[in-house]
Amino acid sequence: MLSANGKVIMDVTDYVRRHFPDPNLSVKEIAESVYHTPPYLSNVFKSRTGKKRIQYIKEVRLEYSVALMEDRSLTLADISQRCGYSDQN
């Protein structure tokens, strides 16, 4: 059985995986989705995963962008847009 903090982490990672293409994905939005404050969520996430939330978001985006690079028909602009990067530079 998951602890309360374990459930929060699971919910956060699920939320990020569903919403990472949004370039405006924010810590506040993520915290609200799990009914906690951003500072509380920061502490719990870092203590349980060893990562900051923004680091996790970047890892998810990078993982997806690498997978999309297999599709030679996509431009880098297409890939960056699909992965939530608002600036292609």
Side-chain angles (χ1 to χ4, degrees):
M1 187 163 140
L2 280 177
S3 68
N5 286 343
K7 171 111 172 70
V8 168
I9 299 306
M10 202 166 96
D11 290 347
V12 167
T13 57
D14 181 56
Y15 189 87
V16 168
R17 290 208 170 268
R18 286 184 287 118
H19 294 90
F20 76 89
D22 179 357
N24 299 313
L25 180 62
S26 70
V27 170
K28 183 178 184 238
E29 177 185 342
I30 296 166
E32 287 174 354
S33 78
V34 294
Y35 310 103
H36 289 291
T37 64
Y40 174 81
L41 188 57
S42 288
N43 289 335
V44 170
F45 196 84
K46 175 83 172 164
S47 70
R48 296 287 292 219
T49 67
K51 301 175 185 178
K52 293 181 179 180
R53 288 163 313 199
I54 192 69
Q55 180 184 359
Y56 179 71
I57 293 168
K58 287 178 181 179
E59 287 176 3
V60 170
R61 285 178 170 158
L62 182 60
E63 177 185 302
Y64 190 64
S65 65
V66 168
L68 288 178
M69 286 182 195
E70 297 289 325
D71 184 346
R72 302 253 183 221
S73 69
L74 295 174
T75 66
L76 289 179
D78 293 334
I79 293 169
S80 65
Q81 184 179 17
R82 290 181 187 194
C83 295
Y85 295 109
S86 57
D87 183 2
Q88 298 149 20
N89 294 322

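Quantities reported herein were computed from a predicted structural model and do not represent experimental measurements.
For D22, the salt bridge (Lys or Arg N to Asp or Glu O under 4.0 Å) test picks out no residue, with sequence neighbours left out. For K46, the salt bridge (Lys or Arg N to Asp or Glu O under 4.0 Å) criterion is met by no residue, not counting sequence neighbours. Judged as a side-chain hydrogen bond (donor to acceptor under 3.5 Å, both in side chains), and not counting sequence neighbours, the contacts of R48 are S3. For R18, the salt bridge (Lys or Arg N to Asp or Glu O under 4.0 Å) partners at least two apart in sequence or on another chain are D14. Applying the side chain to side chain contact (heavy atoms under 4.5 Å, CB included) rule to K58 yields the partners I54; only residues at least two apart in sequence or on another chain are considered. With sequence neighbours left out, D11 forms a side-chain hydrogen bond (donor to acceptor under 3.5 Å, both in side chains) with K7. Scanning for side chain to side chain contact (heavy atoms under 4.5 Å, CB included) contacts around V27 gives P38, R53, with sequence neighbours left out. Here K52 pairs with nothing under the side-chain hydrogen bond (donor to acceptor under 3.5 Å, both in side chains) rule; sequence neighbours left out. In terms of the side-chain hydrogen bond (donor to acceptor under 3.5 Å, both in side chains) criterion, residue partners of Y15 (sequence neighbours excluded) are, by chain and number, E29. Residues that satisfy the salt bridge (Lys or Arg N to Asp or Glu O under 4.0 Å) test with K28, not counting sequence neighbours, are E32.
Atoms CD and OG1, on Q81 and T75 in that order, are 9.0 Å from each other to the nearest 0.5 Å. Rounded to the nearest 0.5 angstrom, H19 NE2 and I30 CD1 are separated by 9.5 Å. In this structure, the separation between CG on L25 and CZ on F20 is 10.0 Å, given to the nearest 0.5 Å. The distance from the OG atom of S73 to the CG atom of D78 is 8.0 Å, given to the nearest 0.5 Å. Atom OG1 of residue T49 and atom CD1 of residue I9 lie 6.0 Å apart, to the nearest 0.5 angstrom. Here L62 contributes atom CG and C83 contributes atom SG; the two are 8.5 Å apart, rounded to the nearest 0.5 Å.
A salt bridge (Lys or Arg N to Asp or Glu O under 4.0 Å) check over residues 33-43, counting only residues at least two apart or in different chains, returns nothing. Note on residues 61-76: pairs passing salt bridge (Lys or Arg N to Asp or Glu O under 4.0 Å), not counting sequence neighbours, are R17-E63.
Smallest separation of non-hydrogen atoms from S80 and A77: OG-O, 3.0 Å. Residues A31 and L41 approach most closely at CA-CD2, 3.5 Å, considering heavy atoms.
The shortest distance between side-chain heavy atoms of Y56 and T13 falls below 4.5 Å. By the 4.5 Å heavy-atom criterion applied to side chains, R82 and L74 are counted as neighbours.
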